[in-house]
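Written out below as structure tokens is the structure these notes cover.
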Amino acid sequence: MAVNCCRNLKVSIPVYLLVALFGIGSWIAINGLWVELPLLVPQLPERWALPSYLTVLIQIANIGPLIYTLGNWLAPKIVKEFPTVYVIVAIGAAASFLLAFFWHKTSFIFGDHHSTALLVLAFFLAFVDCTSSVVFLPFMAIFPKQYMTAFYIGEGCSGLLPSLVALGQGAGEYDCVNTSSVNKTTNETTWNIFPVPRDPNFPIEDFFYFLFAMMIICGLAFTMLNFLPICKEEQIKETVIESDKISTEIPASCTSESDSSLELTSQTGLLNRKKNVYTVTTVTPDNSVPSISRNHYVWLLILIAWVNGLNNGVLPSLQTYSCLPYSQVAYNLAVKLSAAVNPLVCFLAFFISVKSVKVVSSLVAVGTLFSVYIVVIAAMSPNPVLVDNVAGDVVIIVVWVAVSGLFSYAKVLIAIIFRGEGRRALLFVGAVTQVGSLVGAVLTFVLVNVLKVFHDAPQCPA
């Protein structure tokens, strides 16, 4: 078992901060929407099933990277990173801004009311964030490798920052108020109990304005990284050679700290295709990672599919059913703390990375046990064990935070292990990640919305 620690490298602080701000825009939109769910779920017609709708939409939004990749391959002179970044940042900013006005608008579709505006705009947010994974990182190839840490810190803050803001907003609690209505024909009085939401510390609309502002900041940071002299000085000096002098077979190694983000390096260097000319920058490959056996190779691919199937598909769809039976506060803290622990664990991987298949397998096994507990609790909804007991709230919050931390760390470690296996291996990791996530999301959507296996409870029992 090997442990690597990061080393400090000379960087320009202003450029480092700009790269981090640019990285924040990668996933802040959909992460922000997710941590706002505790306030949205009680007020929208999908109620507890809303997360399952969003989970499927996020998986469908992976069409974005496919469209960009095909466009870049078929028309590389038209579909480029520079204009694409501006397009997706503009879409993300526009969708966040529109959410502030239309998040509560509903339509009557398929015999029921649905949050049409929110779901459509959520798809565009997911489209933006998924596409950023294949656009933002290639742009970072123009900067030295030490700035990649800044980008990943920013990407991590895209989950941490909205979580902290949402924690300050409040838990979305409500009061049950007994109200009366009089039948004018019979002069009979009927009493009913209705939930009345408590005002958060600041409204939902302001939170979406915050997401809009962060997308604008991301776009401004990208502009400054391209045009400010201090940023240009930090960009890699390129050596231009003719395209016919470059072999098409280039042994590559890859770095990945997130599911679908790749930093491609090779013994030859970083390649950037511009017209019929390639630019090459010498990069030292990481030879510290030993090659893994075929059995371990296949086993780790199975683990990454399993982890993402649970973490990106099954569990997010069941968060309401596993937490809300205890209390609105439990749901609020489980959502926001589990979102906050994800980037913190990724930061840990920058300092301590354990390259051991046994350790990764153990992390996944423990995370799976916690996941089983969550699924069982969700299946018992609305009357799980320890309901109406503060211990139940504490346990479910701790379990959710533990699952998020264990699975996040396991995914990063698997990416680190595959780093020495080449570009093909990282592409396999990306592929099985999406397959696992899609299968988990679709399966749970069917269980929640078609088969009605999981049951919610009225906000104010009679």
Side-chain angles (χ1 to χ4, degrees), residues 1-6 26-27 59 62 65 130 133-134 137 148-149 151-152 155-156 159 252-265 285-316 338 341-371 402-441:
M1 181 177 71
V3 177
N4 287 344
C5 296
C6 65
S26 59
W27 280 94
Q59 300 309 316
N62 277 295
C130 291
S133 295
V134 295
L137 260 178
M148 288 305 302
T149 304
F151 179 83
Y152 284 123
E155 191 176 68
S253 61
C254 307
T255 298
S256 174
E257 301 294 353
S258 62
D259 295 337
S260 54
S261 302
L262 303 179
E263 177 194 2
L264 304 182
T265 66
D286 184 358
N287 297 319
S288 63
V289 182
S291 178
I292 58 177
S293 68
R294 182 178 180 84
N295 289 340
H296 283 166
Y297 191 102
V298 174
W299 173 243
L300 289 175
L301 288 178
I302 293 173
L303 287 184
I304 201 69
W306 174 256
V307 166
N308 283 282
L310 289 174
N311 202 47
N312 298 342
V314 175
L315 298 181
S338 60
V341 77
N342 187 310
L344 294 177
V345 169
C346 291
F347 293 159
L348 176 64
F350 282 117
F351 298 94
I352 302 176
S353 58
V354 183
K355 302 178 180 67
S356 167
V357 176
K358 290 182 178 179
V359 170
V360 173
S361 300
S362 299
L363 291 172
V364 174
V366 176
T368 300
L369 290 176
F370 284 136
S371 301
V403 164
S404 180
L406 288 168
F407 281 163
S408 297
Y409 195 50
K411 287 190 290 185
V412 173
L413 293 185
I414 290 174
I416 291 173
I417 291 173
F418 271 104
R419 177 179 180 176
E421 301 303 313
R423 183 175 183 270
R424 182 184 178 89
L426 269 297
L427 291 177
F428 279 142
V429 170
V432 298
T433 291
Q434 298 307 327
V435 170
S437 301
L438 179 61
V439 171

- Message: Once rounded to the nearest 0.5 Å, what's the spacing between atom OG1 of T433 and atom CG of N308?
- Response: 4.0 Å
- Message: For the CZ atom of F370 and the CG atom of L315, what is their distance to the nearest 0.5 Å?
- Response: 12.5 Å
- What pair of heavy atoms forms the shortest contact from V432 to V429, and how long is it? CG2-O, 3.3 Å
- For S371, the side chain to side chain donor-acceptor pair (under 3.5 Å) test, sequence neighbours excluded, returns none
- Query: Taking atom CG of L438 and atom CG of N62, what is their separation to the nearest 0.5 Å?
  - Reply: 8.5 Å
- Residue list, side chain to side chain contact (heavy atoms under 4.5 Å, CB included) with L369, at least two apart or on another chain: none
- Message: Taking side chain to side chain donor-acceptor pair (under 3.5 Å) as the definition, give me every residue that meets it alongside S361, ordered by chain and number, with sequence neighbours left out.
- Response: W299
- Message: Once side chain to side chain contact (heavy atoms under 4.5 Å, CB included) is applied, do any residues pair with S404, and if so which ones, sequence neighbours excluded?
- Response: S338, V341, N342, S408
- Message: Please give me the minimum heavy-atom distance between P65 and C130, naming the atom from each residue.
- Response: CG-O, 3.3 Å
- Can you name the side chain to side chain contact (heavy atoms under 4.5 Å, CB included) partners of V435, sequence neighbours left out? V439
- Message: Quick check for you: to the nearest 0.5 Å, what is the distance between F407 atom CZ and L310 atom CG?
- Response: 5.0 Å
- Query: Which pair of non-hydrogen atoms, one from Q59 and one from N312, has the smallest distance, and what is that distance?
  - Reply: NE2-O, 3.9 Å
- Is the shortest heavy-atom distance from the side chain of F428 to the side chain of I304 under 4.5 Å? no
- Query: What pairs with L300 under side chain to side chain contact (heavy atoms under 4.5 Å, CB included), at least two apart in sequence or on another chain?
  - Reply: I292, L303, V357, V360, I414, I417, F418
